[in-house]
Asks: 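Right, I'll just put the structure down here and ask away after.
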There are 2 protein chains.
Amino acid sequence: MSNDELSSVFAALADPTRRAILHRLTQGDANVAELAEPFAMSQPAVSKHLRVLEGAGLISRSKVATARYSHLEARPLKEATDYMERFRRFWNSSFDELDAALAAHTADEAERAGATDGEKNDD
Amino acid sequence: MSNDELSSVFAALADPTRRAILHRLTQGDANVAELAEPFAMSQPAVSKHLRVLEGAGLISRSKVATARYSHLEARPLKEATDYMERFRRFWNSSFDELDAALAAHTADEAERAGATDGEKNDD
DNA sequence: CGCTTCCAAAACGAAATGGTTATGAATGTC
DNA sequence: GACATTCATAACCATTTCGTTTTGGAAGCG
């Protein structure tokens, strides 16, 4: 997933209305009126949110009659999650060598006058 | 994690500069100049990004002398990841009953004239 | 004390975001 | 054909975001 795609997925997820829409879509596809119903917001506002979600690849849309159905697309969600998982060991490991290094580092900041990085890593 | 916190974490992650800064911090704490170095961007711009990251709880900052060191805080990343896990089964299961329903759905869009949702769910 | 280094804050501008109302296209119904 | 329903688009507005340049405070160094 490109940097731009990641950015648009996270940006789409940054809005609570859009997250609520995604949750609604876990229960099945829905048209605009159904998606708009829980919100104190005009129909065009919801349509705009749907366009943002579509732009991020988080939903796909199909036209049936006059209705436009939104469908959850999970792949970008998976890729955004995979991205965040790359930081897993920073919350996962309670005290591996990296954590030890960082702890020492923090405890003795004055010492690292010129050197900030380490030799421990994979990202 | 509150809705607002989630929003601010995702918003912080939506910028490639800020994501790069987080990655840099996986290699150890760093001061502003070090963090700014890879970017064609002024120092105040980087300081602003750091403030956004701090606001999202993704970094903490400590003052040593004239230097301000940034430190990666992984907990919000964990919580955002936990949030995303709620969608996991939409990409995880290769062919459970939900996937089957959705696949049929996609393959035959014209057919779902009036019915949009399902009876399968837990969210 | 004077100078330099590190960085935040202020003031500004351009563009994006999130909402509104008004309109109209497309489709199904009477 | 006239009407109602569903929804997108356009035009607009307020606010936020992301960058800039300028300024100045705080701490170490000569």
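Below, all heavy atoms of this structure are taken into account, side chains as well, without hydrogens, waters or symmetry copies. So you know, we letter chains A, B, ... as the sequences are listed, proteins then strands, and number each from 1.
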Asks: Tell me whether the side-chain N/O atoms of B:His49 come closer than 4.0 Å to OP1 or OP2 in D:dG19.
Replies: yes
Asks: Across the strands shown, which category fits A:Ala45 at heavy-atom distances under 4.0 angstrom: base, sugar-phosphate, nothing?
Replies: base
Asks: Would you say the side-chain atoms of A:Arg88 and B:Thr81 include a donor-acceptor pair closer than 3.5 Å?
Replies: no
Asks: Would you kindly give the CZ-to-C1' distance between A:Phe10 and D:dT17, to the nearest whole Å?
Replies: 18 Å
Asks: Please write out the pairs of protein N or O atoms and N or O atoms of nucleotides 3-10 of chain C separated by less than 3.5 Å, giving the distance to one decimal.
Replies:
from  : atom 1 : to      : atom 2 : distance (Å)
C:dC6 : O4'    : B:Thr66 : OG1    : 3.2
C:dC7 : OP1    : B:Val32 : N      : 3.3
C:dC7 : OP1    : B:Arg68 : N      : 3.0
C:dC7 : OP2    : B:Val32 : N      : 3.3
C:dC7 : OP2    : B:Ala33 : N      : 2.9
C:dA8 : OP1    : B:Arg61 : NH1    : 3.3
C:dA8 : OP1    : B:Arg61 : NH2    : 2.7
C:dA8 : OP1    : B:Arg68 : NE     : 3.3
C:dA8 : OP2    : B:Ser47 : OG     : 2.3
C:dA8 : N7     : B:Gln43 : NE2    : 2.8
C:dA8 : N6     : B:Gln43 : OE1    : 3.3

Asks: Quick one: salt bridge (charged side-chain N to carboxylate O under 4.0 Å, His left out) partners of A:Glu5, sequence neighbours excluded?
Replies: none
Asks: Would you mind telling me which of B:Leu22, B:Asp29, B:Ile21 makes a side chain to side chain contact (heavy atoms under 4.5 Å, CB included) with B:Leu72?
Replies: B:Leu22
Asks: CG of B:Asp15 versus P of D:dT16: gap in Å, rounded?
Replies: 18 Å
Asks: Could you tell me the separation between the CD1 atom of A:Ile21 and the P atom of D:dC7, rounded to a whole number of Å?
Replies: 13 Å
Asks: Is A:Arg18 reaching over with its side chain to a backbone N or O of A:Leu13, donor-acceptor style, under 3.5 angstrom?
Replies: no
Asks: Taking the basic N atoms (NZ, or NE/NH1/NH2) and the acidic carboxylate oxygens, is any pair closer than 4.0 Å for A:Asp15 and A:Arg19?
Replies: no
Asks: Whole angstrom is fine here: how far is it from CE in B:Met41 over to P in D:dC18?
Replies: 10 Å
Asks: Would you check if B:Ser47 and B:Gln43 make a side-chain contact, meaning some heavy-atom pair closer than 4.5 Å?
Replies: yes
